[in-house]
Amino acid sequence: MWTKPWTFKEGFLIGGGLIIAGLAQQLSVGPVVWEAFAWPTNGIVLAGFMVMLTAMVYLRKKVYAFQWMTTYQAAIPAMVYAVALTIIMGLTRQQVGGTWVNNMLSFWPFVLIYVYITVILGLTIHQRLRKIFRGKGSMKHDIPFMLNHLGFFIAFTTATLGNADMQRVKMITAIGEPEWRALTQEGTVKEMPIAIELKKFIMETYDDGSPKRFASEIQILTKTGKNIETTVDVNKPYEVDGWKIYQYGYDTQMGAQSQISILELVSDPWLPFVYTGIYMMLAGAVCMFVIGGRKRA
């Protein structure tokens, strides 16, 4: 063991070591506090991560482990651990402030394994890029490979680091009363950069009286001077100044006569980058399908 070339055995030992290190970290400092990575910290962490990957690429000939991380013997054990932890997350109820398995996104072993996979992915992308720049690659294989792997890298890193900047609040609006305060998920009151006034609550019902549709006609005032009148429907949000406004609820006792409307406001500035990564993966899948179809033909 630990004699070159390393095999799956070393891969599983490294993954197991990360699990143990994560458990020690969990016991010593508690769960990962993602709020600490809010901008600009997450931007600095991302830049530092890219510098680290670049350094690992240039040191690959001197440090065998960095070269080995681009092999299946490293990737497959890491994926096995990641899948196992993800299955546990899927089988347990996830909630903020829950126990270890009930809050997997803040569970150190889960985070370390996925960081390890991201490092492997980043090094693999670097390796393929070197081959492309040296003219040793094949475009019909390199294009889908880069779209899939780079797309996943972008989507995963930006979704993870951008999580700290996502804001989700609820605002109770009333007819004739502009509201600029909202309630955070932690139960604190937050002053918003936009004010919303409910103009009219709309409800359509089925024959048995159950809600068929409910929506709100609202007026939005922003600090940038915008004065907007629009209708927010369920699953049809309105976006202004980086905030998406969703129809969330109403006074159920008053029903169609409700004088209030509960809106959910969501801001996720990193979401365009996540979508970019997802679209790249979809494009990579299409390329693979087209190439595979040509081969069969």
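Residues take their numbers from the sequence shown, with the count starting at 1. The model shown is predicted, which means the values in this text are computed figures rather than measured ones.
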Roughly how far apart are K244 NZ and E239 CD, rounded to 0.5 Å? 5.5 Å
Quick one: are T205 and M203 in side-chain contact, heavy atoms under 4.5 Å? yes
Under 3.5 Å, side chain of N103 to main-chain N/O of T99, donor-acceptor pair present? no
For the pair E197 (side chain) and A195 (backbone), establish whether a donor and an acceptor sit closer than 3.5 Å, ignoring hydrogens and angles. no
Centroid separation under 6.0 Å, is that true for the rings of Y246 and Y238? no
Does CD belonging to Q253 count more than 12 external heavy atoms closer than 6.0 Å? no
How long is the straight-line distance from CD of Q167 back to CD of Q185, given to the nearest 0.5 Å? 10.5 Å
Which pairs of donor and acceptor atoms, one on a side chain in residues 31-47, lie under 3.5 Å apart (sequence neighbours left out)?
from : atom 1 : to   : atom 2 : distance (Å)
W34  : NE1    : L105 : O      : 2.7
T41  : OG1    : A38  : O      : 3.4
N42  : ND2    : F37  : O      : 3.1
N42  : ND2    : L161 : O      : 3.1
N42  : ND2    : D165 : OD2    : 2.7

Mind checking whether K170 and L263 have side chains closer than 4.5 Å, heavy atoms only? no
Without swapping roles, check the side chain of E179 against the backbone of I196 for a donor-acceptor pair under 3.5 Å. no
Count I, L, V, M, F, W, Y as connected when their side-chain heavy atoms are under 4.5 Å apart, and connections chain through other members. Are V115 and V51 then in the same cluster? no
Please find the pair of heavy atoms, one from M104 and one from L85, that lie closest to each other, and give the distance. CE-O, 3.3 Å
Identify the residue among Y114, W270, F273 that makes a ring-ring contact (aromatic ring centres under 6.0 Å, His included) with F156. Y114
Test side-chain hydrogen bond (donor to acceptor under 3.5 Å, both in side chains) on Q67 and T70 and set out the steps. CA-CA 6 Å; Q67 182 180 353; T70 61; over 6 Å; no
Establish whether Y58 and Y64 are linked, either directly or via other cluster members, by ILVMFWY side-chain heavy-atom contacts under 4.5 Å. no
Please examine the side chains of L221 and Q219, heavy atoms only from C-beta on, and report whether any two atoms are closer than 4.5 Å. yes
For the CZ atom on F66, are there more than 12 heavy atoms of other groups (residues, nucleotides or ligands in this structure) within a distance under 6.0 Å? yes
Please step through side-chain contact (heavy atoms from CB on, under 4.5 Å) for the pair W100 and L27, ending with a clear verdict. CA-CA 10 Å; W100 291 359; L27 290 170; 3.5 Å; yes
For the backbone of F145 and the side chain of H149, can you confirm whether one donor and one acceptor N or O come within less than 3.5 Å of each other? yes
Between R128 and I125, does a side-chain contact (heavy atoms from CB on, under 4.5 Å) hold up when you go through it step by step? CA-CA 5 Å; R128 181 59 69 95; I125 292 170; 5.9 Å; no
Indicate yes or no: at least one non-hydrogen side-chain atom of M69 is less than 4.5 angstrom from one of Y116. yes
Indicate yes or no: at least one non-hydrogen side-chain atom of D241 is less than 4.5 angstrom from one of T224. yes
First locate atom OG of S28, then atom CH2 of W108, and finally report the distance between them rounded to the nearest 0.5 Å. 8.5 Å
Distance, nearest 0.5 Å, that separates OG1 of T3 from CD of E10: 6.5 Å
State whether the number of non-hydrogen atoms from other residues, nucleotides or ligands found under 6.0 Å of E191 atom CD is greater than 12. no
Looking at every non-hydrogen atom in both residues, tell me the closest pair between P211 and Y250 and how far apart they are. CG-OH, 3.4 Å
Distance in Å, D268 CG paired with M166 CE, rounded so as to fall on 0.5 Å steps: 6.0 Å
Do L13 and M79 share a hydrophobic cluster, counting only Ile, Leu, Val, Met, Phe, Trp and Tyr and linking them when any side-chain heavy atoms are less than 4.5 Å apart? yes
Which atoms form the tightest heavy-atom contact between M171 and I194, and what is the distance? CE-O, 4.3 Å
Can you list the steps and then say if E264 with R168 is a salt bridge (Lys or Arg N to Asp or Glu O under 4.0 Å)? CA-CA 7 Å; E264 184 175 54; R168 187 185 297 271; 3.6 Å; yes
Restricting to non-hydrogen atoms, name the atom on P109 and the atom on I19 that form the minimum distance, rounded to 0.1 Å. CG-O, 3.7 Å
Evaluate the criterion side-chain contact (heavy atoms from CB on, under 4.5 Å) for residue pair W243 and V266; output intermediate values, then yes/no. CA-CA 6 Å; W243 288 90; V266 179; 5.7 Å; no
Measuring from atom CE of M89 to atom OG1 of T86, what distance do you get when rounded to the nearest 0.5 angstrom? 5.0 Å
Take a 6.0 Å sphere around CG of L265 and say whether it holds more than 12 heavy atoms from other residues, nucleotides or ligands. yes
Begin with the C-alpha distance, continue with both residues' side-chain angles, and end with the deciding distance and a verdict on salt bridge (Lys or Arg N to Asp or Glu O under 4.0 Å) for R213 and E204. CA-CA 5 Å; R213 170 184 177 248; E204 299 174 3; 3.2 Å; yes
If we only count heavy atoms from C-beta on, is the F107 to V101 side-chain gap below 4.5 Å? no
R134 (side chain) donor-acceptor with K131 (main chain) under 3.5 angstrom: no
For residues V232 and I260: do they belong to one hydrophobic cluster (side chain heavy atoms under 4.5 Å, members Ile, Leu, Val, Met, Phe, Trp, Tyr)? no
Would you call the rings of F214 and F201 parallel, tilted or perpendicular, taking 30° and 60° as the class edges? tilted
Check: I117 and Y81 side chains under 4.5 Å, non-hydrogen atoms: no
Looking only at heavy atoms, the pair that brings Q247 and S261 closest together is NE2-OG, 3.0 Å
Search all heavy atoms of N102 against all heavy atoms of T92 and return the closest pair with its distance. ND2-CB, 3.9 Å
Any chance you could lay out the side-chain contact (heavy atoms from CB on, under 4.5 Å) test for D251 and Q259, step after step, and finish with the verdict? CA-CA 7 Å; D251 186 343; Q259 298 296 296; over 6 Å; no
Within 6.0 Å of OH in Y275, more than 12 heavy atoms from elsewhere: no
How about F8: does its CZ atom have over 12 heavy atoms from other parts shown lying under 6.0 Å from it? yes
For K223, what residues pass the salt bridge (charged side-chain N to carboxylate O under 4.0 Å, His left out) criterion, not counting sequence neighbours? none
When you group the ILVMFWY residues by side-chain heavy-atom contacts below 4.5 Å and let the links chain together, are I202 and I228 in the same group? no
Do any N or O atoms from the side chain of S258 and from the backbone of M254 form a donor-acceptor pair under 3.5 angstrom? no
Side-chain contact, heavy-atom cut-off 4.5 Å: I220 with I245? yes
Report, as yes or no, whether the 6.0 Å neighbourhood of atom CG on D208 holds more than 12 heavy atoms from other residues, nucleotides or ligands. yes
